[in-house]
Amino acid sequence: MAVRLPAILLSSICLLVLLNASNVESARTSGSFHWYNGLFVFGDSFADTGNFPKADLSQVTRQWYKLYGCSHGFLQDPTGRFSNGFVQSDFMAKILGRTMAPETYRDTKENNGDKFGVNFVVGGAGVFEVPRKAPTLAKQIDSFKKMLDGGDIGKWQLRESVALVAISGNDYACVANMSGESEILDFIGNVTEEIAAGVERLRKLGVTRVLVNNLHPLACTPWQTRPSNYTECMGRGNLAALFHNGDLEKKLNASSNDNVYLVDLHRAFTNIVDPSDPQDTPQVAKQFSKNKLKPCCYSFDPNGDCGQVDEDGGVLYSVCSHPEKHFFWDDVHPTQARWEAVMGQLEKDIKDFLHITY
């Protein structure tokens with residue numbers, strides 16, 4: 001049965017709609033528009049909020065088990081995030097005025113979807129097939145297109161939308177097996193080409209603005225620094241990251257698209273874990289000064305994982321008492337405190353790019 005609204009209420013609603021439309025149009029024309037209808041996230045574990053299905057505890061499902069997600073009092077239970085709390089996509093959502101990242105693609109299959117956006121990220125993903133068999137960047141964009149074609153994502157959500165592409169280096173796990181520099185450089189070129197192609201595809205599908213992570217200093221992650229007892233960055237990872245970042249920037253610039261922005265994770269990470277001038281280290285870095293390369297949670301086995309247990313449930317890992325003082329949560333992933341420190345350094349530039357004024 002239809003419900004008839006009082007005329008005065010209808011008039012009020014119409015007035016509010018007209019005022020809102022007027023304010024939005026005014027903001028658009030003045031260049032200070034800062035409200036976005038949708039955030040769509042693609043990539044790997046730096047931004048995953050629970051797309052990988054929960055299963056028996058293993059290296060690929062540990063994000064669903066303690067101590068992940070709850071050692072810092074975050075939401076009480078693990079949420080599928082590769083951290084002790086929030087991850088990059090959560091902080092990106094906060095920059096857009098939301099409380100946390102949009103719901104996962106996995107969850108949208110069970111309900112009507114999140115009107116703010118969708119997180120398509122799956123931990124372990126790359127631009128090419130990786131051992132985890134996580135969906136590649138291209139396949140994640142396929143899922144986005146499928147929702148768009150099916151009407152699960154409305155065209156209106158794309159009118160003022162943001163995509164975050166967070167590819168963090170899983171493709172480079174195979175570099176150690178490569179024989180020469182030319183082979184490595186060719187492979188880096190292939191990776192950056194796939195990222196650039198994914199960005200262009202998102203733009204053609206209608207996403208208004210695209211944020212693309214560059215690579216953090218790979219040699220400074222704990223799985224690389226462990227042989228030095230977490231005292232120094234080791235290996236060729238940092239050089240590979242620099243080649244990757246330079247090539248990615250060149251390819252993104254080649255499109256001459258002002259609606260694509262390279263998020264400089266490399267600078268924000270390096271400022272804390274490996275500054276060229278210690279005297280010029282950001283104030284926020286001081287909270288990690290004693291634990292910038294050592295993870296909060298690590299396995300006793302160099303090849304093991306945070307949260308690992310034996311057949312009887314015995315603990316095979318160590319965990320710190322103050323994760324907020326550690327830059328890394330496990331052998332690869334940041335703590336919530338680190339993401340806050342990193343995104344805090346980048347927030348102003350991101351807001352300037354997105355014309356966010358609050």
Side-chain angles (χ1 to χ4, degrees), residues 43-91 100-101 104 106-107 119 121-126 130-134 166 168-170 173 216 218 220-230 269 273 288 290-342:
D44 57 33
S45 54
F46 271 20
D48 191 359
T49 54
N51 266 313
F52 202 96
K54 186 174 182 179
D56 291 342
L57 177 61
S58 70
Q59 194 269 339
V60 299
T61 63
R62 65 191 188 279
Q63 69 275 15
W64 285 108
Y65 291 83
K66 295 181 179 181
L67 303 158
Y68 283 81
C70 60
S71 68
H72 197 45
F74 175 73
L75 299 181
Q76 304 304 314
D77 292 305
T79 60
R81 288 167 169 82
F82 288 81
S83 181
N84 66 308
F86 285 127
V87 294
Q88 185 189 13
S89 50
D90 293 302
F91 286 98
M100 64 177 65
T104 62
R106 186 171 66 90
D107 286 340
N119 188 330
V121 172
V122 180
V130 292
R132 272 193 174 194
K133 302 299 181 184
S168 311
N170 289 313
H216 57 294
L218 298 176
C220 297
T221 52
W223 72 281
Q224 291 285 339
T225 65
R226 183 165 182 155
S228 71
N229 197 27
Y230 307 113
F269 277 43
V273 299
F288 309 111
K290 294 181 180 180
N291 299 294
K292 60 185 182 181
L293 298 177
K294 183 177 181 179
C296 173
C297 183
Y298 60 90
S299 172
F300 301 139
D301 177 0
N303 297 315
D305 304 295
C306 168
Q308 188 175 3
V309 296
D310 61 25
E311 294 179 356
D312 299 320
V315 170
L316 298 176
Y317 60 87
S318 175
V319 64
C320 69
S321 300
H322 298 283
E324 71 278 4
K325 295 182 180 180
H326 284 254
F327 198 62
F328 288 98
W329 167 244
D330 61 14
D331 57 350
V332 174
H333 304 102
T335 57
Q336 174 177 306
R338 188 191 84 170
W339 274 125
E340 185 172 11
V342 165

pair [X]-[Y]: side-chain heavy atoms closer than 4.5 Å:
{"X": "Pro302", "Y": "Arg226", "value": "yes"}
{"X": "Cys296", "Y": "Asn84", "value": "no"}
{"X": "Trp339", "Y": "Phe86", "value": "no"}

Using only atom types and a distance under 3.5 Å, with no angle test, would you say the side chain of [X] pairs donor to acceptor with the backbone of [Y]?
{"X": "Ser89", "Y": "Ala47", "result": "yes"}
{"X": "Asp48", "Y": "Asn51", "result": "yes"}
{"X": "Asp331", "Y": "Pro222", "result": "no"}
{"X": "Asp90", "Y": "Ala101", "result": "yes"}
{"X": "Asp312", "Y": "Gly314", "result": "no"}

**OP:** Name the orientation class of the two ring planes belonging to His216 and Phe269 (parallel below 30°, tilted from 30 to 60°, perpendicular beyond 60°).
**Re:**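 Plane angle between 30° and 60°, so tilted.
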Between [atom1] on residue [X] and [atom2] on residue [Y], distance to nearest 0.5 Å:
{"X": "Cys320", "Y": "Lys294", "atom1": "SG", "atom2": "NZ", "result": "9.0 Å"}
{"X": "His326", "Y": "Thr335", "atom1": "NE2", "atom2": "OG1", "result": "9.0 Å"}
{"X": "Tyr317", "Y": "Phe300", "atom1": "OH", "atom2": "CZ", "result": "9.0 Å"}
{"X": "Phe328", "Y": "Lys292", "atom1": "CZ", "atom2": "NZ", "result": "11.0 Å"}
{"X": "Leu293", "Y": "Phe327", "atom1": "CG", "atom2": "CZ", "result": "9.0 Å"}
{"X": "Gln88", "Y": "Thr49", "atom1": "CD", "atom2": "OG1", "result": "12.0 Å"}

When you check the side-chain N and O atoms of [X] and [Y], is any donor under 3.5 Å from an acceptor?
{"X": "Arg81", "Y": "Thr79", "value": "yes"}
{"X": "Ser299", "Y": "Gln308", "value": "yes"}
{"X": "Asn119", "Y": "Thr104", "value": "no"}
{"X": "Tyr68", "Y": "Asp330", "value": "yes"}

Exercise: identify the closest heavy-atom pair between [X] and [Y]:
{"X": "Phe288", "Y": "Glu324", "result": "CE2-O, 3.6 Å"}
{"X": "Leu218", "Y": "Thr221", "result": "O-OG1, 2.8 Å"}
{"X": "Val332", "Y": "Phe46", "result": "O-CE1, 4.1 Å"}
{"X": "Val315", "Y": "Val309", "result": "CA-CG1, 4.4 Å"}

Original post:
How about Cys306 and Cys297: are their SG atoms under 2.5 Å apart?
Top reply: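 The answer is yes, since Cys297 and Cys306 bring their SG atoms under 2.5 Å apart.
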**OP:** Assess whether side-chain contact (heavy atoms from CB on, under 4.5 Å) is satisfied between Phe91 and Gln336, documenting all intermediate values.
**Re:** CA-CA 10 Å; Phe91 286 98; Gln336 174 177 306; 4.1 Å; yes
Original post:
Does the separation of the ring centres of Phe82 and Trp329 fall below 6.0 angstrom?
Top reply: no
